[in-house]
Amino acid sequence: MLEARLEQAGVLKKVVDAIRDLVQDINFDCNDSGIALQAMDNSHVALVSMLLKSEGFSPYRLDRNIALGINLTSLTKVLRCAQNEDILTLKAEDTPDTLSLIFENAENDRISEYELKLMDIDQEHLGIPETEYAAAISMPSAEFQRICRDLIQLSDSVTIEASKEGVKFSCSGDIGSGSVTLRQQNNVDKPDLSTKIELTEPVTLTFSLKYLVNFCKASALSSVVTLSLSNEVPLLVEYAMGSGFVRFYLAPKIGE
Amino acid sequence: VKSQTTLGRFFNLS
């Protein structure tokens, strides 16, 4: 059986909010490393990969590996019944038909118990190759969100150019064009507001803004986002949490 | 004109 207790229900709520517009029916794969999911959107253009490490739960008990087939719209309905500060416990049998979710308030005088019906989900798993990226940019997640929301007003695509000078997001559409350039800067007082660029070679790639705007729903999970790019490979957008991560991969747009 | 690729072009489906 599985028993996994999370101090803050808000963590799972934010994870589900971040991915539920991209993927609907997913498996939570529970194993010794924690609770993981990997799922592609219907168009096979984007992939979400998430891990909530076992260390982030206390306790984390698992007798054998199990997959919990979950409809995220249904899970969202149940999670709405939890306060962000509630303690959340997930429980399931070894061959589960349902997932139990128990919410307890910090004062320990309210216990809510819900059962979510599980589904059989046949999932395609993508072998994601280990990639040495040519450029890794870490920046405030709120800044990345603002840039994507601004540029999507002008175009459905953005070109990201990473060089020693900085990172430039540019777009062009029917009404005109626009760009935002960020220079590398180190904020000593507030490291989360720094922009860092690690570069082995310059990279220029074009991506659909619709997906990037969608990824930015994960901004609540982390004040920092990391963009990893190499020419002609999918973009990796990572939001790291204290004990886990949400990663998005996005296939580029490529010229004929 | 650039066209949208899919992840299957870069990753192996297993």
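Below, chain A is the first sequence line, B the second, and so on; all start at residue 1.
- Contacts with chain B (heavy atom to heavy atom, under 4.5 Å) involve these residues of residues 203-237 of chain A, listed by number: A:T206, A:S208, A:E232, A:V233, A:P234.
- Proximity of a side-chain donor or acceptor of B:T5 to a complementary backbone N or O of A:P252 within less than 3.5 Å is detected.
- Heavy-atom neighbours of A:D63 CG from other residues, nucleotides or ligands within 6.0 Å: above the threshold of 12.
- The closest side-chain heavy-atom distance from B:L7 to A:M40 is below 4.5 Å.
- The ring-ring contact (aromatic ring centres under 6.0 Å, His included) pairs that include a residue from residues 135-175 of chain A number zero, where partners must be two or more places apart or lie in different chains.
- The backbone N or O of A:I254 sits nowhere less than 3.5 Å from a side-chain atom of B:Q4 that would complete a donor-acceptor pair.
- When every heavy atom of B:F11 is checked against every heavy atom of A:P129, the shortest pair comes out as CD2-CD, 3.2 Å.
- Proximity to chain B is limited to the backbone of A:S43, based on heavy atoms less than 4.5 angstrom apart.
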